[in-house]
Enquirer: 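One structure coming up, written as structure tokens, with questions to follow.
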Protein chains: 2
Amino acid sequence: MSVEFDRVLIEPAYRKVAAAIGERILSRALRQGERLPPETELARQFGVNRSTVREALRELESRGLLQRRPGSKLMSVSRPQPATIGQGVSHALLLHDVTVHHLWEALTILEPPLAAAAAAARTPADLEALGEAIAACGAAATDTATAVQRTAEVFRCIARAAHNPVLGLAQEPLLQLLEPSLRIMIDRVPQARSRITAAQRRLLEAIEAQDEAAAREWMARHIRDFRRGYDLAGIDLSLRLTA
Amino acid sequence: MSVEFDRVLIEPAYRKVAAAIGERILSRALRQGERLPPETELARQFGVNRSTVREALRELESRGLLQRRPGSKLMSVSRPQPATIGQGVSHALLLHDVTVHHLWEALTILEPPLAAAAAAARTPADLEALGEAIAACGAAATDTATAVQRTAEVFRCIARAAHNPVLGLAQEPLLQLLEPSLRIMIDRVPQARSRITAAQRRLLEAIEAQDEAAAREWMARHIRDFRRGYDLAGIDLSLRLTA
DNA sequence: ATCGTATGATTGTCGGACAAACCGGCAACC
DNA sequence: GGTTGCCGGTTTGTCCGACAATCATACGAT
């Protein structure tokens with residue numbers, strides 16, 4: 001007895017259309033920057049209504065596979081931008097009740113090796129970009145929000161210097177999640193900015209000297225310092241992160 | 001001279017609607033599992049056409065913020081599943097020309113600390129789940145595809161044992177990207193399966209004993225072994241990953 | 001050369017329409 | 001009693017047709 005059947009999957013047309021276009025993009029049959037035909041033409045090709053095509057396009061758009069370039073109405077194929085993808089991940093994490101401690105632990109694990117990899121792989125151009133980012137971050141900005149943004153930008157520069165997109169993209173949601181709590185921390189702890197700047201300079205020196213061990217160690221201290229900042233700011237590490 | 005204006009941003013209605021609903025979900029004004037009103041009602045509330053509402057729903061659906069529970073036509077609020085999010089990230093990475101080496105380097109950095117964290121935080125329930133996953137992976141499956149799937153599942157169990165969603169979600173795209181190349185490797189290297197199983201058993205022992213250092217070390221060897229496998233299988237590490 | 005205008009293509013949005021699927025309930029039936 | 005069949009109401013999936021706004025392009029005027 002007990003004949004078991006698999007759940008028969010019914011797929012709406014808009015998802016089939018999205019899958020068809022998405023598969024072409026992933027397989028690189030459609031190249032980056034290439035422009036898609038107009039919606040009416042797509043509707044004709046797929047044999048569905050324009051409304052159906054539009055629902056499919058919205059899905060691909062939100063995955064970052066399609067975007068509208070300024071000055072063009074036609075959709076064009078694009079590679080998903082780290083900021084976009086990172087936003088999806090950080091939203092997911094927010095809904096999964098991530099705490100400050102989770103985030104800090106992840107930073108502890110990810111960032112020091114990333115700094116080491118950056119020290120190993122950095123080019124002169126990376127070095128220059130990192131130097132500028134650190135200078136911008138050190139410049140006494142009146143606005144806390146921009147100060148936090150620039151701190152995140154320094155991390156991004158380091159990730160870029162490591163020349164590993166996987167690590168860069170893994171880091172992006174962490175930076176986005178870090179923003180609100182870091183803003184509070186900088187606001188409450190007066191010496192936070194100078195400590196961050198000092199750590200960044202040490203990091204820059206280590207990465208410039210291609211000293212992997214030093215880069216790893218300074219970054220580890222930098223992250224540990226964040227924890228101290230949270231304590232000083234009276235931020236409960238077991239608190240859930242917010243948007 | 002040279003008066004500079006910011007780019008005036010025009011946002012289509014479907015994106016505004018999506019943003020409005022998404023913001024409610026992120027702020028937890030709409031709780032998990034709660035069901036959204038029907039499309040016609042949403043259209044009435046927002047003062048737009050149903051087609052416009054549908055385009056917005058497609059966007060939220062693809063971000064995993066909404067899903068249709070089986071047996072219900074109404075959309076219900078959901079937290080994005082790691083597999084869904086991971087797919088978005090791995091697609092992005094594929095389009096960013098990620099190589100086997102990038103992936104391997106990321107695994108090298110992420111997995112050993114993850115195993116250590118698992119050793120520290122694991123509960124008896126985690127231990128049991130991990131044991132079962134390893135047993136299932138060790139059982140000689142004829143199918144290479146399922147063998148790879150089960151290997152990935154072991155990694156997921158370890159991440160769950162670490163009780164850190166950030167790390168778990170960071171790992172997910174790596175596992176998805178790993179699949180194709182690992183399949184090739186297992187097919188070409190006869191001893192790969194037994195080496196993987198052996199490493200998993202060592203890991204289980206270390207995690208069971210809550211020996212962080214040992215867990216870290218065995219995982220590091222495990223990942224290094226992957227690299228050896230790639231070499232033996234004749235897989236060029238500078239090759240771009242494929243879907 | 002710059003500007004204004006006509007023209008065509010394309011999107012954003014709308015209203016309405018209908019079949020199919022699903023739910024709950026109720027009656028019929030073995 | 002449990003299963004089956006049927007009915008009405010709700011909701012989605014899909015389609016059709018329509019129109020204003022926007023943009024590209026070409027063309028002509030100043």
Enquirer: Looking at D/dC16, I'd like to know if its phosphate oxygens (OP1 or OP2) sit under 4.0 Å from a side-chain N or O belonging to A/Asn49.
Expert: yes
Enquirer: Is any side-chain N of the basic residue among A/Glu153 and A/Arg160 closer than 4.0 Å to the acidic one's carboxylate O?
Expert: yes
Enquirer: Please enumerate all protein N or O atoms sitting under 3.5 Å from an N or O of nucleotides 6-9 of chain D, with distances to 0.1 Å.
Expert:
none

Enquirer: Is A/Arg68 reaching over with its side chain to a backbone N or O of A/Lys73, donor-acceptor style, under 3.5 angstrom?
Expert: yes
Enquirer: Produce the list of close N/O pairs, under 3.5 Å, pairing protein atoms with atoms of nucleotides 7-12 of chain C; give distances to one decimal.
Expert:
unit_1	atom_1	unit_2	atom_2	d
C/dT10	O2	A/Lys73	NZ	3.2
C/dT11	OP1	A/Glu39	N	3.4
C/dT11	OP2	A/Glu39	N	3.1
C/dG12	OP1	A/Arg68	NH2	3.2
C/dG12	OP2	A/Arg54	NH1	2.9
C/dG12	OP2	A/Arg54	NH2	3.4
C/dG12	O6	A/Arg50	NH2	2.9

Enquirer: Looking at B/Arg150 and B/Asp143, does any basic side-chain N land under 4.0 Å from a carboxylate oxygen?
Expert: no
Enquirer: Between B/Glu55 and A/Arg58 (salt bridge meaning N to carboxylate O under 4.0 Å), is one present in this structure?
Expert: yes
Enquirer: Considering the options B/Ile21, B/Leu42, B/Leu36, which one meets the side chain to side chain contact (heavy atoms under 4.5 Å, CB included) requirement together with B/Val53?
Expert: B/Leu42
Enquirer: Between A/Arg193 and A/Asp187, does any NZ, NE, NH1 or NH2 come within less than 4.0 Å of an OD or OE carboxylate oxygen?
Expert: no
Enquirer: Would you mind reading off the distance between B/Arg69 atom CZ and C/dC22 atom P, rounded to a whole angstrom?
Expert: 16 Å
Enquirer: Any Lys/Arg nitrogen of A/Lys16 or A/Glu11 sitting under 4.0 Å from an Asp/Glu carboxylate oxygen of the other?
Expert: no
Enquirer: Salt bridge or not for B/Arg15 and A/Glu61, using N-O below 4.0 Å?
Expert: yes
Enquirer: If each of B/Ile10 and A/Glu11 is mapped to the nucleotide of DNA chain D with the nearest heavy atom, which maps nearer the 5' terminus, i.e. the 5' end?
Expert: A/Glu11
Enquirer: Any side-chain N or O of A/Thr52 under 4.0 Å from OP1/OP2 of D/dC15?
Expert: yes
Enquirer: Between atom CD in A/Glu59 and atom P in D/dG13, what is the gap in whole Å?
Expert: 12 Å
